Amino acid sequence: MTIVNYDPRLVKSKNPYPKGPNDWKRFFSFNTDAKVIGIQYIVTALFFLLIGGLLAMLIRGELITPPSDLFDPTVYNGLYTMHGTIMLFLFLFPILSGLTNLLVPPMIGAPDMAFPKLNALAFWLVPVFSIILLLSFFVPGGPASSGWWSYPPISIQNPLGQIINGEMLWIIAISLSGISSIIGAVNFVTTIIRMRAPGMGFFKMPIFIWTVLAAQLLQLLGLPALTGGAIMLFFDLTFGTSFFRIEGGGDPVLFQHFFWFYSHPAVYVMVLPVFGIFSELFPVYSRKPLFGYKFVAVASFGITILSLVVWVHHMFYTGTPMWMRNLFMFTTMLIAVPTGVKVFAWIATLWGGNIRLTTPMLFCLGGLFNFIFGGITGVMLATVPVDIHVGNTYFVVAHFHYIIFNTIAFGIFAAIYHWFPKFTGKMFYEGLGKVHFALTFIGATLNWLPLHWAGLLGMPRRVASYDPEFAIWNVLASIGAFILGVASIPFILNMVSSWVRGKAAPPNPWKAIGLEWLLPSPPPHENFEEDIPTVLNEPYCYGLDKPFVEDEQFYIEKSLKEH
Amino acid sequence: MLTENQNLTLNHKPGHIKHDGHNMTGFIIFLCSESIIFFAFFVGYSVLKISSPVWYPEGINGIDVKMPLINTVILVSSSFVIYFAEKYLHKKNLWGFRIIWFITMLMGSYFVYGQYVEWSELSFSLQSGAFGGMFYLLTGFHGLHVITGILLMGLMLLRSFLPDNYKGGEMGVESVSLFWHFVDVIWILLFGLIYLWQ
Amino acid sequence: MNTKIRRIKKSGFSKTFIISIAVILNITFSLLMGYWSYSWLPIQASEAAHYVDNLFAFETTIGTFIFLGCSGTMAWILVFNRAPKYDESNGEPLEGNLKLEIIWTLVPLLLVLGISTYSTSVNYKLENLGSKIKYDYGSEVPFVEEKKVFDYGPIDVISRQWNWEFIYPNGIHSSELHLPVDKKSNFRLITEDVIHSFYVPAFRLKQDIIPGSVITYSLTPTKEGVFRLRDAMFSGAYFSENQTNVIVESEEIFYKWIKETVKKELQNGLNPAGNLYQKRLRNGNRGWATVKPAPDPKVNDAGIESRPHDS
């Protein structure tokens, strides 16, 4: 290739943002820039993490003593229902959408998402359904209080008989959340399929992109089933139909099938991007190529496919026939195989590396450690006889919090710290980050490890009061929960103060390989604009003599200059 | 963000990614996802029908097939008609396209009218057990899609009068046509499920 | 870089030595965990319990081995592969190892096959101990199983929002479940409102009770004592109060109890949820909406609410 002088017109964006990057007002507007939307999602979600966490501490406050003495049991039921709903639909899904929005376009070299307006619409639905959900605290009768499963007949009992009730608002909020997720999923999948940088074939994509693709396809396949179930539940509740009412020939178990057909894969929708985050971060902080890139990439789709045929394991004791239980036990356990491939690959990536224990790496290691534990209890739960004993007890609660908080939220924190300098242009304070990690790890372990024993001894989940023999485990768990509450202080302090007055971040503070690290921090409105690098290799070639993109030096210098 | 980068040497050919023109991909993905809702309803219908000891509400032994059959024929043939409309558009015969497109709209509207007449003559309601609920849910949800399709076709018809409307391609017309075929296929399944499997 | 790794690699003997010591330690500890795991579970009070517990101990052993293997490796890496401050050089650039990757796909696969085969066989054993059959209302099949498959029963288990009632074959009603030890008793699980779950941790048994169907089930208690019966499927406001006792007695005492109870008048049975609801009404009905609890069941033996229980 001939050497030509660099033409500055190349970086002139077609649609530059009019007010410049430091205008904070854009975060409160219908902005179509994926990076703005990403931060909108993340900040909104973190706000709801605080609300959900507050509810969790109220729950743990009630459970610190055996009798139901802090609240009326009806209030307790509403609180735990809203805790679960807020944490899943207002924290985890939005924050992962946020990370996906931030990361997907820069990682594949795209200027923006395929449908920027739809993208903004998907985000602005979040405050809408959040407000609907929070308003349900104030309707007569209180919010939905039948658990986030919302199983009929309990969910359609509607004690006060009013048309507008907590359960109804809950269904509306969940359906809107579903619409938002579907819009998001269409957008992400189209972007990944159609807008990759030149040279970036499927087997040169970062693993995060693989996992996002796998997760969003799962959304597209599973979520409509829940929406269908939710519509029918809404009709039963509001218009007196009998889809799930036994009196009119309906079947309450049918809802459970609709619900779990989506809601089990939903866990994978959340955990897959976190697997992607692990796969991105371990190579960076151990300075080694990702071990077995192709295996790890393909394993994501193994998980997607298998996760569509495991839902009945939530219904082993509802009178499911024997052959079905054995079949779904087997498919459920099969998920351990692709998951194991990933876990072993991460450990092999760490092996012999040059480990740097930065805050994001600590969260990743903590998350992996917890995930191995949660995965093993998951296999235990998959075996029918054990599940029949511990199903619907605190063992399950402990297991899924090990996955959903101790793994997924840890991965999310790791991602926030890792990419914070890139998208805010500021470095965070390492010391506060480590305090955050230590408190989170201790709090989370203390909160959920003891609850396994409460479950094994037979303490049912969702109880407002319990027999005194379970007290010790619950006291420990409550202390852990309060430590987790404290852990949010260094985190908020760190994020806010770093963003306001932190040290300016260089384009590539971690010396990582990846298209996003070839951009200035923060990246310009349209990322690479009209000069997108041609990808030559997957982004994990640490210490290998394989260039990542054509003319890498040019992009590095360019990012440094614009910085 | 213009910067002074004159002294950087360019050692490569700048790559480019298309900003837009992904609508069709996105729309196909959306339709695949949308079909799952119908699929969920179909599964629900079948499960309830198989497991329920008494399926039809009291005093009803089945539903009339004759009128829905006429409706089905109209809707299915409209799928062929819309294909010809698209063909005219490809050949740049705008008036041919508009007329045939309008005929498709009329056929769709007839279907909705037929559905309305059928609903108003039925002796059971949404609350009449699992069957009543399922019947109105399925036909109603599908009917909503038909009405959406007709409205979208109207929009495309209006936009065909804009000058330069087809400069950027015929994506809109193609998507609506695809949607119409989708609505059609769903109806065929639905018809088989509700009317033929009695 | 990686001087420590290199040093270990140099002496092949010490590497093998360290690994074998680690594996032996791991196996020992895993077996111990499997042994300890029995003590984490409630008393084994039914025929099914030891099958479940053996499976759980087996899984605990294997799980501990994997967990310690992985986390031990991670700990080793964290101790010996830490980069010195300001060292930003790369580690060993290993891209993968096909043989290793195939091994760690196949070994978990075989393990999973093994566990699910074992667990399927336990499933069939439990099925032989007492099969669960779900009859939907309106189905032609009789709700009563053939007499020969059980020794005593069928006992109707009626669950409500929020109390339990048990009706014995001779027509007596009770608030606590009395069972003869070492005899196979048969139940018909019925709900009058929402989904409940019949859960006796000491029996390792949980069965959801679905509206619109009757589920028959048999089990054989093997230990005398008082065990908790808990509703394990969330059933509304006073869900956590929806508990009662299972009293397993010797055959003699059991039949004596039957004989005495049949003479007793019907009286109000246990209904802690109802009492709490009355209290709530007295205090001004504060709190969020709930359906009214079912009235006190009318039973021959009212039972004792605060009876001390064994597990």
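Residue numbering restarts at 1 for every chain, and letters A, B, ... go by the order of the sequence lines. Note that this is a predicted model, so its numbers are computed, not measured.
Side-chain contact check for Y238(C) versus S68(A): every heavy-atom pair is 4.5 Å or farther apart. You'll find the side chain of L126(C) reaches within 4.5 Å of the side chain of P385(A), heavy atoms only. Inter-residue side-chain proximity for S89(C) and R287(A) is flagged as unmet; no heavy-atom pair is nearer than 4.5 Å. You'll find the side chain of Q161(C) reaches within 4.5 Å of the side chain of Q157(A), heavy atoms only. Using a 4.5 Å heavy-atom cutoff, the side chains of I388(A) and R204(C) are not in contact.
Residue contact with chain C, scored on non-hydrogen atoms closer than 4.5 Å, is absent for K342(A). Heavy-atom distances place the backbone of R286(C), and not its side chain, under 4.5 Å from chain A. Neither the backbone nor the side chain of F371(A) comes within less than 4.5 Å of any heavy atom in chain C. Heavy-atom distances place the side chain of M322(A), and not its backbone, under 4.5 Å from chain C. Neither the backbone nor the side chain of W346(A) comes within less than 4.5 Å of any heavy atom of chain C. Only the side chain of L78(C) comes within contact range of chain A, judged by heavy atoms closer than 4.5 Å. Within the 4.5 angstrom heavy-atom criterion, only backbone atoms of R461(A) (N, CA, C, O) approach chain C. In this structure, the portion of F470(A) lying under 4.5 Å from any heavy atom of chain C is its side chain and not its backbone. Of the atoms belonging to E167(A), not a single heavy atom falls under 4.5 Å from chain C. Interface residue I355(A): backbone and side-chain heavy atoms are both found under 4.5 Å from chain C. With a 4.5 Å cut-off on non-hydrogen atoms, P321(A) does not touch chain C at all. Contacts of T60(C) with chain A are made by both backbone and side-chain atoms, with heavy-atom separations under 4.5 Å.
For the set L365(A), D251(A), T383(A), the entry with the most heavy-atom pairs within less than 4.5 Å of chain C is T383(A). Interface remark: of the candidates Y118(C), Y124(C), F203(C), Y124(C) forms the most heavy-atom pairs closer than 4.5 Å to chain A. Among V343(A), I347(A), V390(A), the residue with the largest count of heavy-atom pairs under 4.5 Å with chain C is I347(A). The candidate from V253(A), T349(A), V75(A) with the greatest count of non-hydrogen atom pairs under 4.5 Å with chain C is V75(A). Per-residue heavy-atom pair counts under 4.5 Å with chain A were compared for T290(C), V122(C), N123(C), and the maximum is reached by N123(C). Heavy-atom pairs under 4.5 Å with chain C peak, among G142(A), P460(A), P153(A), G391(A), at P153(A). By number of non-hydrogen pairs under 4.5 angstrom with chain A, the leading residue of L276(C), N242(C), D231(C), V52(C) is V52(C).
Remark: T318(A) pairs with Q256(A), M315(A), T320(A), D208(C), I210(C) by the side-chain contact (heavy atoms from CB on, under 4.5 Å) rule, at least two apart or across chains.
Look at E95(C) and K288(A) and you find no salt bridge, because none of the NZ, NE, NH1 or NH2 atoms lies under 4.0 Å from a carboxylate O. R230(C) has a carboxylate O that lies under 4.0 Å from a charged side-chain N of D467(A), or vice versa, which qualifies the two as a salt bridge.
Contact detail for E59(C) and M380(A): the closest heavy-atom pair is OE1-CA, 3.3 Å. The two residues G458(A) and Y199(C) make their nearest non-hydrogen contact at CA-OH, 3.3 Å. Closest non-hydrogen pair, P201(C) versus H389(A), comes out as O-CE1, 3.5 Å. Contact between T74(A) and W288(C) at its shortest, heavy atoms only, is OG1-N, 3.1 Å. Listed here is the closest heavy atom pair of S146(A) and F234(C): CA-CE2, 3.6 Å. Residues L350(A) and M74(C) approach most closely at CD1-CG, 4.4 Å, considering heavy atoms.
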List the steps, then state whether side chain to side chain contact (heavy atoms under 4.5 Å, CB included) holds for N77(A) with F239(C). CA-CA 9 Å; N77(A) 297 337; F239(C) 158 67; 5.6 Å; no
Between D72(A) and R280(C), is a salt bridge (Lys or Arg N to Asp or Glu O under 4.0 Å) present by the stated rule, with each step listed? CA-CA 8 Å; D72(A) 189 77; R280(C) 169 175 151 151; 2.9 Å; yes
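Side-chain rings of F369(A) and F67(C) approach one another, their centers coming within less than 6.0 Å.
Under the 3.5 Å distance criterion, with hydrogens and angles disregarded, a donor-acceptor pair is assigned to the side chains of N354(A) and D87(C). In this structure, a donor-acceptor pair under 3.5 Å is absent between the side chains of N392(A) and S197(C).
Atoms OG and CZ, from S119(C) and F330(A) in turn, are 11.5 Å apart once rounded to the nearest 0.5 Å. Of the inter-residue distances, the one linking R82(C) atom CZ with S286(A) atom OG reads 13.0 Å to the nearest 0.5 angstrom. Atom CG of L368(A) is separated from atom SG of C70(C) by 8.0 Å, given to the nearest 0.5 angstrom. Taken from CG in L94(C) to OH in Y542(A), the straight-line distance is 15.5 Å, to the nearest 0.5 Å. Residue Y317(A) holds its OH atom at 5.5 Å from CE of M233(C), rounded to the nearest 0.5 Å. Atoms CZ and OG, from F328(A) and S116(C) in turn, are 14.5 Å apart once rounded to the nearest 0.5 Å.
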Side-chain donor/acceptor pairs under 3.5 Å, residues 96-113 of chain C, sequence neighbours excluded:
unit_1: N97(C); atom_1: OD1; unit_2: K99(C); atom_2: N; d: 3.1
unit_1: N97(C); atom_1: OD1; unit_2: L100(C); atom_2: N; d: 3.3
unit_1: E101(C); atom_1: OE2; unit_2: N97(C); atom_2: N; d: 3.0
unit_1: T105(C); atom_1: OG1; unit_2: E101(C); atom_2: O; d: 2.7

Please tabulate, for the side chains in residues 290-298 of chain A, all donor-acceptor contacts under 3.5 angstrom to protein atoms that are two or more places apart in sequence or on a different chain.
unit_1: Y293(A); atom_1: OH; unit_2: F203(A); atom_2: O; d: 3.4
unit_1: Y293(A); atom_1: OH; unit_2: M205(A); atom_2: N; d: 3.2
unit_1: Y293(A); atom_1: OH; unit_2: M205(A); atom_2: O; d: 2.4
unit_1: Y293(A); atom_1: OH; unit_2: W210(A); atom_2: NE1; d: 3.4

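Among the residues in residues 40-47 of chain C, those with a non-hydrogen atom closer than 4.5 angstrom to a non-hydrogen atom of chain A are W40(C), L41(C), P42(C).
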